[in-house]
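Before any comments, here is the structure.
All ligand and atom numbering here is 1-based and tracks the order in the structure.
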Amino acid sequence: MKVAVFSTKAYDREFLTRFNANHQLYFFEARLSLDTVRLASECDAICVFVNDAVTSAVITELASFNVQVIALRCAGFNNVDLKAADAHGMKVVRVPAYSPYAVAEHTVGLMLSLNRKLHKAYHRIREGDFRLNGLLGFDMHGRTVGIVGTGKIGECVAKILSGFGCRLLGFDQQPNLACEQLGMEYVPLNQLLSNSDIVTFHCPLNPDTHHMVNETSIEQMKTGVMLINTSRGGLIDTAATIDGLKSGKIGWLGIDVYEEEADLFFEDFSDSVIRDDVFSRLGTFPNVMITGHQAFFTSDAMTQISQTTLQNLSDIEAGKDCFNSVK
Ligand code: NAD
């Protein structure tokens, strides 16, 4: 298949090229949008990532070029208008699981860094400052962690935290037996929020979960709660979260995703002025740690993403029923 691969960085090219045998891959740095869609005009398929906007208008253009496949090289598909794709008979495939360990381990990394202030300690020692004041943390052992969404990633987080000796609360419409066997107690969301020292989010972004962290839900949380979001930025109402940080209701915030990340993440703005005042405000808090959607980024995950994406394209080309189709 001829495939237009959007939003590519050197590492995407490296991994996709390494595992490709059958397809003609055309790599574009540009993000997919109405302005860039014509780059796919000679192709049978497009391959996109988390911040490519596969809107109805973009899909109409793709259909006019006879593009037949949208291959996501990620798990989430909230950036694809599935109805429009279906209306044009376009197949959508994704990588449903590619090392949930990568995201889970980064999630716990954020918890530990915020708690033990490893980012500050690193700089202090390099400056020859060996004082401990300001670095006080807490034992993870015995703390209550609420996991919202206990699918593949939530389960891995639960397993790691169980090893730490944390008490686990879960909220998910579909309880996970493996989590229950770890001792996780499934409770209603309001009970999870009011009883957890740490709340971590691992559910998909959809109309039900959009801004599930908002003024009302923050009010239900323990004072000084640590919030972690490595799922999708839209789960969190950032303005309400900033208010929570200012009042001290939220004690720590660790995020790998941000609701307006599409205009920032994966690019280098170190030499320019960042115009997003909300994001800039977040960066001023000493108890906030932000990473730029890197939770998935391990060599193991990149290998699985590339292999699965190429296999998805091969399955469709061979007329097979692709296991990873998004219906
Ligand atoms: P998964 O489908 O295995 O699990 C998601 C779980 O969320 C399911 O158990 C589902 O029942 C539950 N859920 C759905 N709606 C819910 C709701 N309203 N409240 C509570 N639970 C709900 O998915 P996964 O592989 O564990 O991935 C979880 C999310 O992580 C993805 O949707 C994606 O947005 C995000 N993700 C982020 C990165 C990153 O690099 N930061 C990488 C991969 C995935």
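Of the listed options F171, Y98, F201, Y98 places a heavy atom closest to atom 42 (C) of ligand 1. Comparing heavy-atom distances from atom 27 (O) of ligand 1 across I255, T291, I153, N229 singles out I153 as nearest. Summarising the contacts of atom 22 (C) of ligand 1 with K152, Q173, Q294, the nearest heavy atom is found in Q173. Here the shortest heavy-atom distance to atom 39 (C) of ligand 1, taken over H293, H106, H210, belongs to H293.
Side-chain atoms of D81 and T55 include no donor-acceptor pair closer than 3.5 Å. In this model, no donor atom of one side chain and acceptor atom of the other lie less than 3.5 Å apart for T298 and Y101. Side chain to side chain, E180 and N176 fail the donor-acceptor criterion of an N or O pair below 3.5 Å.
Heavy atoms of L205 stay at 4.0 angstrom or farther from ligand 1. Within the 4.0 Å heavy-atom cutoff, G76 does not count among the residues contacting ligand 1.
A salt bridge links R31 to D263: at least one charged side-chain nitrogen sits closer than 4.0 Å to a carboxylate oxygen.
Among protein heavy atoms, the minimum distance from atom 4 (O) of ligand 1 is reached at G151 CA, 3.3 Å. Atom 37 (C) of ligand 1 has as its closest protein heavy atom T230 O, 3.2 Å. At the top of the distance list for atom 36 (N) of ligand 1, counting protein heavy atoms only, stands R232 NH1, 3.8 Å. What sits closest to atom 40 (O) of ligand 1 on the protein, heavy atoms only, is F296 N, 3.1 Å. Among all non-hydrogen protein atoms, the one lying nearest atom 12 (C) of ligand 1 is D172 OD2, 3.1 Å. Atom 18 (N) of ligand 1 has as its closest protein heavy atom T209 CG2, 3.2 Å. Closest to atom 5 (C) of ligand 1, if we only count protein heavy atoms, is H202 O, 3.6 Å. The protein atom (non-hydrogen) at minimum distance from atom 29 (C) of ligand 1 is S231 OG, 3.4 Å.
In the hydrophobic cluster analysis, where Ile, Leu, Val, Met, Phe, Trp and Tyr join through side-chain heavy atoms closer than 4.5 angstrom, L16 is grouped apart from L32. Connection of V3 to F19 is established within a shared hydrophobic cluster, with ILVMFWY side chains joined at heavy-atom distances below 4.5 Å, either directly or through further cluster members.
Ring pair F171/Y186: centre-to-centre distance not below 6.0 Å. When ring centroids are compared, F49 and F265 stay outside the 6.0 Å threshold. In this structure, W252 has its ring center no closer than 6.0 Å to that of F285.
Within ligand 1, the atoms closer than 4.0 Å to a non-hydrogen atom of P204 are 5 (C), 7 (O), 13 (N), 14 (C), 32 (O), numbered from 1 in the order shown. Those atoms of ligand 1 that come under 4.0 Å of a heavy atom in Q174, given as number and element, are 11 (O). Near V103, the atoms of ligand 1 lying under 4.0 angstrom from a non-hydrogen atom of the residue are 38 (C), 42 (C), 43 (C). Close approach of ligand 1 to D256 (heavy-atom distance below 4.0 Å) involves ligand atoms 39 (C), 40 (O), 41 (N).
For K2, the side chain to side chain contact (heavy atoms under 4.5 Å, CB included) partners are Q24, Y26, C43, D44, not counting sequence neighbours.
Within the cation-pi definition used here (under 6.0 Å to the ring centroid, within 45° of the axis), R13 does not qualify as a partner of Y11.
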